[in-house]
Structures are given as C-alpha cells and as structure tokens.
Engineer: 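My questions will all concern the structure given below.
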Protein chains: 2
Amino acid sequence: MENISFDKVKIKKSMWYDLQKINGEKTINSVRNRFAETGRFDAFKCDWKEGMDKKPHFFWDSDVAKWIEGVAYIVTGNRNDELEKYVDDLVDLVEKNQHKNGYFNIFYTVCDPGKEWTQRKNHELYCAGHLIEAAIAYKKATKKDKLLKCMIKYADYIYKVFVEEKSASFVTCGHEEIELALVRLFYETNNKKYLDLAQFFIDMRGNNDKDFNADVSYEERAYDQSHLPVRKQFTAEGHAVRGCYLYSAMADLAKINSDKELFDACKSIFNNITEKRMYVTGGIGSSRIKEAFTIDYDLPNQYAYSESCAAISLAMFANRMLKLENNRIYSDIIEKIIYNAGISGISLSGNKFFYENPLSFGRKLNRQEEKFLETYGRKLPIRERVEVFECSCCPPNINRFFASIGDYICSQSDDTIFIHQFINSEINLDDNTILTIETDYPKNGSIKITYNGSKKISVRLPSWCENHKTSKKYTLENGYMNFGNIQDVTMDFEMKPVLVRACSKVYDDSGKVAVMYGPVVFCAEAVDNGDNLGDVSILTDGNFEIEKDDFTNFYAITADGKRLEEQTELYSKYIDNARKCKIKLIPYYAFANRGDSEMQVWLNVR
Amino acid sequence: MENISFDKVKIKKSMWYDLQKINGEKTINSVRNRFAETGRFDAFKCDWKEGMDKKPHFFWDSDVAKWIEGVAYIVTGNRNDELEKYVDDLVDLVEKNQHKNGYFNIFYTVCDPGKEWTQRKNHELYCAGHLIEAAIAYKKATKKDKLLKCMIKYADYIYKVFVEEKSASFVTCGHEEIELALVRLFYETNNKKYLDLAQFFIDMRGNNDKDFNADVSYEERAYDQSHLPVRKQFTAEGHAVRGCYLYSAMADLAKINSDKELFDACKSIFNNITEKRMYVTGGIGSSRIKEAFTIDYDLPNQYAYSESCAAISLAMFANRMLKLENNRIYSDIIEKIIYNAGISGISLSGNKFFYENPLSFGRKLNRQEEKFLETYGRKLPIRERVEVFECSCCPPNINRFFASIGDYICSQSDDTIFIHQFINSEINLDDNTILTIETDYPKNGSIKITYNGSKKISVRLPSWCENHKTSKKYTLENGYMNFGNIQDVTMDFEMKPVLVRACSKVYDDSGKVAVMYGPVVFCAEAVDNGDNLGDVSILTDGNFEIEKDDFTNFYAITADGKRLEEQTELYSKYIDNARKCKIKLIPYYAFANRGDSEMQVWLNVR
C-alpha cells in the first residue's frame with residue numbers, strides 16, 4: 001500500500017479548495033510577514049550578537065523550515081517567484097552558514113557556540129528534521145536542490161556524531177521529528193544510511209542510560225516518550241506533538257521493516273489515543289501543562305489544550321497507520337481532524353491563530369481574574385485568535401498541512417485504489433489514469449467516483465454514517481466498501497444533525513451531548529444564543545433546521561432547546577422556569593470568529 | 001449584642017449531642033494518640049537535636065494548642081482527669097521551656113535557634129495565637145491558669161518586639177490567628193494592650209514595606225491577605241483559613257471600636273464569599289494550590305479543596321458578623337456549615353479525617369494515573385478519610401469546633417435573646433433564667449422554645465424554608481421572627497427534599513441540581529447507585545421518598561431518576577436508552593464512609 005501524493009491531486013471547488021486558496025494566498029504571506037517582523041528570517045544570517053534584540057530562539061529554524069515546507073507544497077504545480085525568492089535567499093544563508101562539518105543550527109552558531117549536542121532539550125535534531133523535510137519538499141516542488149544538498153551533508157554529520165563517534169551528550173532528541181524526517185530522506189535518496197539513523201534514534205529512545213540522570217522519574221521521562229523502549233509503549237504519554245511525530249516514525253519503520261512488534265505498539269497507542277484520550281473534535285493533548293496527554297478519559301472542555309499542531313500530528317500518524325493497515329479506524333480520525341480540530345486553529349480570515357482549541361469558553365474573565373487563576377496554577381485558553389505567537393509552531397504547521405491535504409485523499413496497492421477522504425478532486429495516477437471524486441462533501445454526502453483505470457476501487461464508509469445508498473454492490477472490509485473493478489459509482493451518505501454522547505467515564509461530558517453533521521462538530525456561541533450557555537439545554541427529541549450560512553460558507557443548525565431563566569443567586573431553589581428556545585449552532589472550526597463569546601460544544605440535555 | 005457562651009448551653013439528645021459525644025469520647029483521644037505517635041507532644045520537651053527523628057515542624061505548637069483548646073471545651077462542666085493530666089504535663093513543659101524573655105516556640109527553640117522573628121512564613125505568631133486561645137479556654141474550663149500566665153508573658157514580649165522595639169524582620173505574620181487570639185486575651189484580661197496589639201497587626205497588614213520585597217506581586221501578597229490594607233479589601237483572596245481568621249479578628253475589632261470602615265470591609269468580604277465563592281455545602285477555598293479562594297464562581301466539584309478548617313473558619317467569621325449585625329445572612333451560613341462542610345471532614349466512626357471536602361468523586365484512579373496527573377499539576381482529593389495527616393490542622397480544629405458548638409446557638413442584647421441555631425438544648429442565662437429549645441432538628445422542623453425570663457425572643461427563620469407555622473405572631477426583621485415577650489412559642493418549618501440550582505455563572509454546576517432537606521445537603525454514592533453516576537439524571541418533577549437510615553442516624557432520600565445505559569465507546573450516537581431508576585441519596589456529611597465510591601452532590605437533571 002502506498003500513498004498517492006498531493007501533487008497528483010487537483011482539488012476542485014469545495015471547502016478544502018477554499019481553505020487551500022486562503023492558505024496559499026493569504027496565510028503563507030501573513031506568516032511570512034510575522035516571521036520577518038520577529039527576526040526569524042534575519043536569524044538565518046547568523047550575525048546576531050549578545051546585546052542585540054531579537055535573539056534567536058532554539059526552535060526558530062523549525063518555524064521557518066515548516067514555512068518553507070508550506071511554500072513548497074503551495075508552489076507545487078503553481079510556481080510563485082515571490083515566495084520562492086524568499087526561500088532561495090534563506091537557502092543561500094543556510095549554505096553560507098552551514099559549518100564545514102555539515103552542522104547547521106542558528107542558536108548554537110550565534111547564541112551558544114561550542115555547546116552543540118550538549119543540551120538534549122534544545123531541539124537541535126528537531127530543527128534538523130524540519131529542515132530536512134523542507135529541503136525534500138522544496139526540491140520536489142521546484143527541482144532546486146541546494147537546501148537538500150546542505151541537509152544531506154548535515155544528516156551525514158548527524159550519523160557520524162550519533163552513530164559512529166557517539167560524541168553527543170545525549171542519544172535521542174528531547175523533541176522527536178528527526179526520525180520521520182530521516183525516513184523521508186531515505187525515501188528521497190534511497191540511501192539506507194538515513195533509514196538506519198532513524199532506526200537508531202527509534203531504538204535508543206527510552207533505551208539508554210545517557211539521556212537522563214538516574215533520578216528522573218518515569219513520569220518525567222514520559223514527557224518525551226522516553227519512559228520505556230518504544231516497543232514497550234502501549235499508551236500515548238507526554239507531549240502530544242512529540243508523541244505523534246515519534247509514533248509517525250515508528251509506523252514508517254514498522255512498514256518498511258515489516259516490524260510486527262513496532263506495529264503492535266503503534267496500533268495500541270493509536271487505539272489508546274482515539275478510544276480514550278481524544279476530544280470529539282479530534283483534538284489531543286488535554287493538558288496545557290506540558291502540552292500533554294494525561295490519563296484515560298481526562299478531557300476537560302474549558303481547560304482543553306488540544307494544540308493545533310497536535311491535531312495535525314495525529315493526522316500524520318493516522319495516515320501512516322492507514323498505509324500499514326487499510327482500516328477506517330484511521331481514515332475516520334483523519335476526517336474528524338480535517339473538519340474540526342485540524343482547521344479550528346486558524347481564523348476564517350486566514351491570518352490569525354489559536355494554539356489551544358478548547359471545547360468551551362465560560363464567562364469572560366478580566367485580567368485580574370486571569371492573573372489570580374495563574375497564581376493557582378491554572379490558565380484558560382485565549383479567546384481570540386492572534387497573528388503571532390512567541391512559540392509559533394502552529395501557524396507554519398497549518399501552512400504545510402493545508403497545502404498538502406491532498407496526501408490524505410487516496411492510497412493504492414498493486415490492485416486497488418482506496419478512497420479515504422471525500423474531497424472534490426481529480427487524481428492523476430502514475431499509470432496515466434484518472435480518478436475523479438465529485439462531491440460537495442461535507443455539505444452533503446453525495447459522491448460520484450469515476451475512474452478510467454483497471455484497479456479495483458475501495459471506498460471508506462464513514463463510521464458516523466447510519467444510512468447510505470450506493471449505485472453498485474460492494475463487500476465491506478474494515479469499514480471500506482470494495483466495489484471491485486468499476487468505472488464509476490455514486491453513493492449517498494445520509495447526512496443530518498446527530499446528537500453524540502461521550503463514554504460514561506468522561507467526567508466532563510456527562511449529561512451532555514454534542515451535535516454533529518456528518519464529520520463536522522458543531523458548537524453554540526453566545527453571540528448567537530446569549531450568555532450563560534450553561535442555562536441552555538438541547539431537547540434530545542427536538543427537531544433540527546439547517547440553513548446555509550454565508551459567514552462560514554457552510555451551514556448553521558438550529559436545534560430545539562430550553563433555557564432556564566438566568567439565576568444570579570449563588571444557590572436557590574430549583575424552579576423549572578425553562579422556556580423553549582432555539583439553539584443556533586455553527587461549525588466548531590468557525591468558533592471565535594465574531595469576537596469574544598461564550599462557546600460550548602457539549603450541551604446539557606433535556 | 002453579646003454571645004451566649006457554650007458553657008451556658010446544655011445540648012440534649014440530637015445530632016449535635018451525638019457529634020459532641022463521639023468527639024469527647026473518641027475523637028479527642030484518637031487525635032491525642034496520633035499526636036503522641038508523631039512526636040507532637042514530646043516536642044514540647046524541647047530536647048530534639050539534629051539527627052533525631054520526629055523533627056518538630058514549625059506548626060506543631062498550633063496543632064497541640066488546638067487540641068488543648070478542644071480538651072478545654074470538652075471538660076467544661078464535665079471534668080476529665082486523664083485528659084487534663086495530659087494537658088497539665090504539656091503546660092509544665094511550656095513553662096519550663098519558655099524563654100526568660102517570654103518567647104515560646106518549639107521550632108525556633110530546637111531546630112533554628114537564634115532565628116526567632118526572621119521568617120515571616122514560619123507561623124510563629126500563628127502558633128502563639130493558638131496557644132493563647134488554648135490558655136484562655138483551659139483556664140475558663142479548669143481554673144488552672146499556668147498556661148495563661150505563660151501566654152500573657154509571651155504576649156507582653158510580642159508587644160515589646162513588634163510595637164516597641166520593632167525588631168522583628170517582619171511586621172505581620174504570614175498566617176493570621178494572633179489577631180483574633182489577642183482580642184480574646186483582651187476580653188479575658190481586660191488589658192487594652194492586647195487589643196492595641198491586635199489592632200496593630202490588623203492595621204499593618206498590607207500596609208507596610210517590611211513584609212515583602214518590592215518585587216512580590218499583588219497576587220502573591222494576596223495569599224495571606226496582604227495585597228491591600230485590610231480596610232481596602234472587599235473580596236476574599238488567598239488562603240481561605242488565613243483569610244477567615246483575619247476577617248474574624250477584623251469583625252471583632254469593628255465591633256469593639258464601632259469601626260464602620262472595618263465593618264464595611266468585613267461585610268463586603270462576607271458577601272463576596274457567600275454570594276460568589278462558597279460551595280453549597282458551606283465549603284470555601286476551591287483551589288488545592290495555595291488552599292485558596294480563587295475567583296468568583298470558580299467552584300469545581302471534583303477538584304474542590306474546601307478544607308475542613310476553612311469551613312470552620314467561615315463559621316467563626318460568620319458568628320462574629322452576627323454579633324455586629326443580627327441578620328440571618330450570617331446564621332444561615334453557620335447552619336449550612338454545621339450540617340455540611342463543617343462536619344464532613346470526620347468519619348462517622350469519629351477517628352478518621354478529610355482535609356479536602358470535594359463535592360464529587362469521579363472514577364477511581366490507580367496510583368500511576370494519580371502520579372501522571374500530578375506531573376500535569378493536578379491532584380484529586382483523597383477518597384477515604386485517614387487517621388492522621390502530616391499537616392494536621394483539621395483534626396484538632398474539629399475537636400475544638402465540635403466541643404464549642406454551643407457558642408453558635410444564641411446571643412443576646414440588653415432586651416432580646418436571639419435564637420440562631422435549632423439544637424435541642426437548655427440554656428442557662430446569666431440572670432438565672434432558662435431558655436429551652438426542644439427539637440429534633442434537622443430531622444424535622446418542629447421547634448418548641450420556652451423561656452422564663454423577661455427579654456424578648458427573636459428566632460431565625462431559615463432562608464431555605466418556604467412554608468412555616470408559628471404558635472404566636474411575630475414581625476420579621478433581617479430574617480428573624482421577633483416574637484416580643486413570650487414564655488413559649490412553637491414553630492414548624494416545613495422540611496422536605498428540595499432541588500437546588502446554582503447561579504448561571506457557576507460553570508461546573510450548569511445543568512445540575514443538588515438535593516437538600518432543610519439545611520442538609522445530600523449526595524449520591526456509587527455504593528448505593530452503581531458506578532458511572534454521570535449517566536444518572538434526577539427528574540425535576542419526580543417524587544421523593546424519605547426513610548430513616550441507621551447508618552447515618554438520619555435519613556436516606558430516594559429520588560426518581562433516569563439512567564442512561566453505560567457507554568464504553570468514546571463517542572457514539574446519542575440514543576435515549578435512559579431507564580427509570582431510583583436514586584438513593586445520603587447526607588453529604590456522611591459520604592465516603594463505606595469504602596471508595598464515586599460520589600456526586602450535583603446531579604444531572606432531566
């Protein structure tokens with residue numbers, strides 16, 4: 001089973017067409033401008049000196065690398081001189097400032113020279129990994145291979161330092177990423193050395209005495225998935241993004257090496273995430289402290305962290321698992337992410353971002369209240385997206401994720417084409433055949449697939465779908481409809497608002513339901529429904545109305561509900577003064593686009 | 001308006017008779033034994049040396065002092081040679097080890113000699129305050145005044161150090177208590193010097209440059225109520241027990257000096273607590289971190305801290321406010337505390353304690369899960385009461401609070417006796433008249449009051465009471481029924497299970513109700529209702545059955561409810577498979593007495 005790369009996919013008019021358009025025309029430039037302002041590009045000149053402002057942070061290389069990767073995907077088949085000039089200038093600076101031995105890292109070149117490979121927590125290999133990914137993507141998109149050559153030289157040096165000389169102060173990086181990047185470099189170069197290096201980092205994680213002092217606890221080691229050798233890890237622990245980057249590389253290696261033990265660990269971890277530690281939006285990493293997975297069923301809504309990057313990283317992991325085992329458990333989760341937590345981190349205007357993606361906003365706090373809460377170890381997510389973060393991993397991750405969404409649509413084996421996501425598109429296959437997916441999905445569930453080749457066609461039947469029709473017969477396997485050799489097929493997945501409940505063990509969702517329309521999670525905002533959303537209940541036997549909504553370019557759902565009269569006394573006799581009301585719901589991904597407002601995904605029921 | 005002291009009150013067969021009996025016969029000895037085992041008594045020998053175990057903690061003096069105060073109240077009118085021998089031996093040690101200048105503190109005598117008055121956070125004046133309270137109580141109970149003489153000498157020395165010489169490194173203690181103790185010492189000795197010293201500490205708090213380095217933030221200063229001069233404080237901030245001890249002293253001074261400004265601050269703070277920052281159980285201090293008040297309406301149930309001592313301290317504050325202004329807003333809160341959060345901290349067996357009094361237990365976590373949660377800055381309350389804590393402020397606080405509950409029943413002015421709490425009792429007034437309160441309250445609301453004196457009678461009409469009858473007419477004033485000059489009156493407050501809701505702004509209680517019977521808050525436990533209490537909803541239009549319950553010696557309430565079928569899938573289509581069920585509820589104060597079990601005060605509604 002192999003991926004069908006985004007560059008084979010032409011996305012046509014659809015929600016994702018619009019998302020890609022704004023990403024390619026607006027977001028990529030907006031992020032560029034913010035990076036320029038904050039000194040992230042100038043940092044590549046490597047002329048910062050003590051006393052100057054805009055001191056390079058040790059993760060800046062990676063921010064810019066992800067942005068370059070985003071540019072690469074955006075200019076694929078649609079070249080753009082202005083953006084490429086920016087990248088080319090940066091690449092020249094990389095070449096100029098790369099150390100003779102191949103090393104490249106801005107922070108250790110200008111801020112802490114001589115300390116290379118001494119601080120495990122300072123993201124050196126993480127930055128290297130993102131630069132490698134950027135180099136591969138940019139070469140594929142433009143044929144310009146200067147950055148890739150630099151990065152190959154760097155990778156060779158890393159191999160020497162870590163495998164041959166073992167001269168670094170640590171064995172594995174505190175932030176995973178290099179592992180999956182090296183696998184990509186192996187695929188790009190066919191040089192097994194990089195695969196070996198990836199394997200080395202994977203095998204050594206949680207499996208050496210050099211990375212931690214003996215007194216570091218199991219739980220502290222779990223922060224970067226080093227509490228156990230990776231093959232002994234069966235639950236998702238620690239920093240969610242680091243975790244899913246690691247798990248992605250583990251899945252890559254499991255596939256390349258047919259490593260059953262590694263696959264079993266990956267599958268167990270994936271199930272642990274998606275069956276016990278994931279928000280209904282596909283968001284993961286519920287704890288702001290350490291940006292981490294916590295424990296099973298611990299999914300607070302108001303204090304949800306659910307970092308934008310974490311949702312993207314789960315899609316990356318799921319996509320790799322899908323190539324190991326074609327099963328809708330993976331592609332269903334990708335769908336959940338690409339219509340919810342994976343796209344809620346960016347404003348509809350395309351230039352403002354959330355780091356956290358909470359499932360509820362309570363009453364608005366004033367600054368003094370926020371400061372007091374911080375004193376007590378708590379911090380609520382910000383309530384309006386901003387143009388730039390100090391730690392700006394999410395915006396360029398959105399750039400590259402959005403631009404490469406085509407990667408998630410189809411895959412193929414020797415004899416079958418698998419269709420995972422229903423995005424209106426034309427896919428030009430390597431054998432000069434064409435597959436088209438015609439649909440307005442997720443606005444509705446009508447899909448027409450046409451194909452002029454000779455492989456069999458297998459299409460995901462989404463797990464949320466209760467009723468569906470197809471124009472041809474099929475056999476179901478792992479949630480996929482195997483249609484055999486066909487030239488076309490139409491299908492209709494019945495889409496309507498559905499109430500969803502959580503597992504009995506999820507404390508924070510008890511007595512509540514969420515509204516979904518197909519894969520899209522909805523939410524109620526005070527801007528539509530008034531404050532005190534906790535006084536509102538949805539009627540489980542009520543009706544729904546759906547109407548087109550210009551603002552979101554999707555639908556608004558109106559549900560029957562009841563609203564208790566506002567009560568200002570702290571405790572008072574309960575009087576059933578609830579009056580019928582209509583609850584207006586909008587797609588979760590569009591929340592917080594109309595100013596500061598209370599919001600809830602999970603609504604009380606009546 | 002003056003208090004009618006507990007020593008005038010003979011409590012007869014009732015819930016509080018039982019609570020006092022177990023406190024006097026079992027709890028006081030159990031705490032004594034634990035204190036003996038942990039070295040708290042031996043510490044008074046002041047012979048600890050570096051290298052020995054059981055190193056005295058800087059708050060041990062206060063633990064023992066509160067226990068002595070408890071003994072004093074228990075032996076009042078009911079002398080007990082065994083307990084008194086224990087106290088007398090301790091007092092001999094205090095006398096022996098008191099410094100020549102009057103100073104007494106175990107920690108600074110044996111652990112850190114020469115460092116007296118240098119560490120504001122180390123509770124020296126707090127310990128002094130509790131020893132002063134113990135000394136006054138013990139002298140009143142037994143006429144033995146050795147400890148009081150020692151403490152007067154100590155108080156004189158404190159006056160010298162803080163007021164005359166200003167030689168301490170700080171101006172006010174990091175943990176309030178000395179202030180209210182000095183007021184008591186003033187009442188006991190009639191020496192205005194102690195009142196002046198209390199006033200000094202009150203006036204200086206948040207009002208000097210010595211207590212904090214300039215860089216300590218407003219929020220950090222608020223931890224011990226030092227963010228502003230006390231007269232400028234209008235909200236309850238910081239450590240809840242410290243706060244209410246301070247506010248109690250402020251109320252004392254407001255009364256003694258007719259200090260309107262101080263009264264206004266006290267009233268505003270009291271209202272802020274009871275209208276915005278208090279659990280329905282009367283518990284306060286919602287944050288485990290810093291054991292503190294946080295912000296308005298922030299009342300998490302599962303993570304509630306609600307320290308036992310904090311509820312007691314709020315009763316102390318409320319009782320003082322009641323003497324400033326006879327209004328049921330104060331006595332209603334006392335009632336809430338003495339039937340809920342003020343008594344839930346001790347097991348029905350009388351020998352095990354909770355520090356935290358949460359309003360919900362979710363699913364039971366294993367130790368590994370707990371350790372992970374701690375890594376992410378969170379800690380859930382323990383789920384079974386224990387015999388002893390490292391920091392053991394709560395058990396002896398319960399000793400003294402339970403033994404002196406008579407203090408909260410009545411008060412009097414020149415011409416009126418005010419009846420605040422309905423506890424079956426006989427009150428022997430100073431003018432040789434007798435007031436009797438005959439009732440089974442809170443089992444029912446029937447009360448008969450008889451009085452053979454000439455003052456007027458005024459009786460609280462509880463705010464929870466919707467319907468009531470009285471045998472005589474009255475005029476209502478500030479929630480009190482003024483009956484005028486009467487010899488007897490009967491009244492019946494209708495008591496039945498009532499559903500209570502929280503203010504719309506309390507995020508954690510939205511869509512939920514609590515069940516109360518009179519002043520008693522009820523809860524559901526899994527031991528009666530099965531696990532997954534979040535799947536249970538109470539019918540707002542359902543019926544209630546009440547039956548006697550031998551285990552709690554009170555009632556169990558059975559409510560009509562619905563229970564959704566257990567759902568193990570993380571997210572699934574909501575199906576209304578809820579079946580009718582009966583929800584068994586027990587008094588909140590009796591929770592967690594039958595092993596580890598889920599528990600909820602706030603129940604979902606249907």
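Throughout, protein chains are lettered first and strands after them, A, B, ... in sequence-line order, and every chain is numbered starting at 1. What's counted below: heavy atoms across the whole structure, side chains too, no hydrogens, waters or symmetry copies.
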Engineer: Distance from B:Asn340 atom CG to B:Phe522 atom CZ, nearest 0.5 Å?
Structural biologist: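 B:Asn340 atom CG to B:Phe522 atom CZ measures 9.5 Å (nearest 0.5 Å).
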
Engineer: How many angstroms lie between SG in A:Cys465 and CD in A:Glu494, if you round to the nearest 0.5 Å?
Structural biologist: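 Between A:Cys465 SG and A:Glu494 CD, I get 7.5 Å after rounding to 0.5 Å.
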
Engineer: Is the positively charged end of A:Arg288 above the ring of A:Tyr305, judged by distance under 6.0 angstrom from the centroid and angle within 45° of the axis?
Structural biologist: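 No, a cation-pi geometry is absent between A:Arg288 and A:Tyr305.
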
Engineer: For chain B, which candidate among A:Arg378, A:Glu598, A:Gln302 shows the most heavy-atom pairs at distances under 4.5 Å?
Structural biologist: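 It is A:Gln302.
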
Engineer: Report which part of A:Leu603 has an atom under 4.5 Å of a heavy atom belonging to chain B: side chain, backbone, both, or neither.
Structural biologist: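 Neither the backbone nor the side chain of A:Leu603 comes within 4.5 Å of chain B.
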
Engineer: Among B:Lys276, B:Glu566, B:Met278, B:Lys505, single out the residue with the greatest number of heavy-atom pairs under 4.5 Å to chain A.
Structural biologist: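 The candidate making the most pairs under 4.5 Å is B:Met278.
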
Engineer: Highest number of heavy-atom pairs under 4.5 Å with chain A: which of B:Asp531, B:Val498, B:Val500?
Structural biologist: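 Result: the option with the highest number of such pairs is B:Val500.
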
Engineer: In terms of the angle between their ring planes, are B:His239 and B:Tyr223 parallel, tilted or perpendicular, with boundaries placed at 30° and 60°?
Structural biologist: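 B:His239 and B:Tyr223: perpendicular rings.
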
Engineer: Between A:Asp541 and chain B, with a heavy-atom cut-off of 4.5 Å, which part of the residue counts as in contact: side chain, backbone, both or neither?
Structural biologist: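 When you check distances to chain B, no heavy atom of A:Asp541 falls under 4.5 Å.
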
Engineer: Please identify, among B:Glu569, B:Arg277, B:Arg606, the residue contributing the most non-hydrogen atom pairs under 4.5 Å to chain A.
Structural biologist: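 The answer is B:Glu569.
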
Engineer: As an exercise, state the distance from CG of A:Asp560 to OG of A:Ser537, rounded to the nearest 0.5 Å.
Structural biologist: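 Reported value, rounded in 0.5 Å steps: 12.5 Å.
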
Engineer: Which one of B:Gly238, B:Ser504, B:Ser287 has the most heavy-atom pairs closer than 4.5 Å to chain A?
Structural biologist: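 Max contact count across the listed options: B:Ser504.
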
Engineer: Working to the nearest 0.5 Å, report the span between CZ of B:Arg563 and SG of B:Cys581.
Structural biologist: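 The SG atom of B:Cys581 is 6.5 Å from CZ of B:Arg563, to the nearest 0.5 Å.
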
Engineer: At a 4.5 Å cut-off on heavy atoms, which part of A:Glu370 comes close to chain B: side chain, backbone, both, or neither?
Structural biologist: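 Neither the backbone nor the side chain of A:Glu370 comes within 4.5 Å of chain B.
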
Engineer: Is the NZ or CZ atom of B:Arg501 both under 6.0 Å from the centre of the six-membered ring of A:Tyr574 and within 45° of that ring's axis?
Structural biologist: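 Not flagged: B:Arg501 not positioned over aromatic ring of A:Tyr574.
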
Engineer: Go through A:Ser510, A:Gly511, A:Ser360 and name the one with the most non-hydrogen pairs under 4.5 angstrom from chain B.
Structural biologist: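 If we count pairs closer than 4.5 Å to chain B, A:Ser510 comes out on top.
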
Engineer: Which bit of A:Thr274 is near chain B, if near means a heavy-atom gap under 4.5 Å: side chain, backbone, both or neither?
Structural biologist: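 Just its backbone gets close to chain B.
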
Engineer: Can you tell me which of A:Ile575, A:Asp296, A:Asp576 forms the most heavy-atom pairs within a distance under 4.5 Å of chain B?
Structural biologist: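 Of A:Ile575, A:Asp296, A:Asp576, A:Asp296 has the most heavy-atom pairs under 4.5 Å with chain B.
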
Engineer: With chain A, which of B:Asp535, B:Asp508, B:Val506 has the greatest number of heavy-atom pairs at distances under 4.5 Å?
Structural biologist: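 If we count pairs closer than 4.5 Å to chain A, B:Asp535 comes out on top.
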
Engineer: For A:Ala341 versus A:Gly282, what's the shortest heavy-atom pair and its separation?
Structural biologist: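 The answer is CB-C, 3.9 Å.
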
Engineer: Could you tell me which portion of B:Glu291 (side chain, backbone, both or neither) has an atom closer than 4.5 angstrom to a non-hydrogen atom of chain A?
Structural biologist: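 Interface part for B:Glu291: neither.
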
Engineer: For chain B, which of A:Tyr376, A:Tyr297, A:Tyr218 has the most heavy-atom pairs under 4.5 Å?
Structural biologist: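 Winner by heavy-atom pair count: A:Tyr376.
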
Engineer: I'd like to verify something: which residue of A:Val280, A:Thr540, A:Asp298 has the highest number of heavy-atom pairs under 4.5 Å with chain B?
Structural biologist: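 Most pairs with chain B among the choices: A:Val280.
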
Engineer: For residues 270-295 of chain A, which residue pairs qualify under ring pair (Phe, Tyr, Trp, His ring centres under 6.0 Å), counting only residues two or more places apart or in two chains?
Structural biologist: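 For residues 270-295 of chain A, and leaving out neighbouring residues, the ring pair (Phe, Tyr, Trp, His ring centres under 6.0 Å) pairs sorted by first residue read A:Phe270-A:Phe317, A:Phe270-A:Tyr330.
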
Engineer: Roughly how far apart are A:Leu299 CG and A:Ser286 OG, rounded to 0.5 Å?
Structural biologist: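 The OG atom of A:Ser286 is 5.5 Å from CG of A:Leu299, to the nearest 0.5 Å.
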
Engineer: Top residue by heavy-atom pair count (under 4.5 Å) with chain A, among B:Leu564, B:Leu365, B:Asp509?
Structural biologist: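 With the most close heavy-atom pairs to chain A, the winner is B:Leu564.
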
Engineer: Go through the atoms of A:Val536 and report whether side chain, backbone, both or neither lie under 4.5 Å from a heavy atom of chain B.
Structural biologist: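 Neither part.
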
Engineer: Show me, pair by pair, the donor-acceptor contacts under 3.5 angstrom made by side chains of residues 512-519 of chain A, not counting sequence neighbours?
Structural biologist:
from     : atom 1 : to       : atom 2 : distance (Å)
A:Lys512 : NZ     : A:Asn604 : OD1    : 2.8
A:Tyr517 : OH     : A:Lys443 : O      : 2.6

Engineer: Side chain from CB out, backbone as N, CA, C, O: work out which of these in A:Tyr507 comes under 4.5 Å of a heavy atom of chain B, or both, or neither.
Structural biologist: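 Contact with chain B involves the side chain of A:Tyr507 alone.
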
Engineer: What part of A:Leu533 lies closer than 4.5 angstrom to a heavy atom of chain B: side chain, backbone, both or neither?
Structural biologist: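 When you check distances to chain B, no heavy atom of A:Leu533 falls under 4.5 Å.
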
Engineer: If you round to the nearest 0.5 Å, how far is CG of B:Asn272 from CD of B:Gln233?
Structural biologist: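 Here the rounded value is 11.0 Å.
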
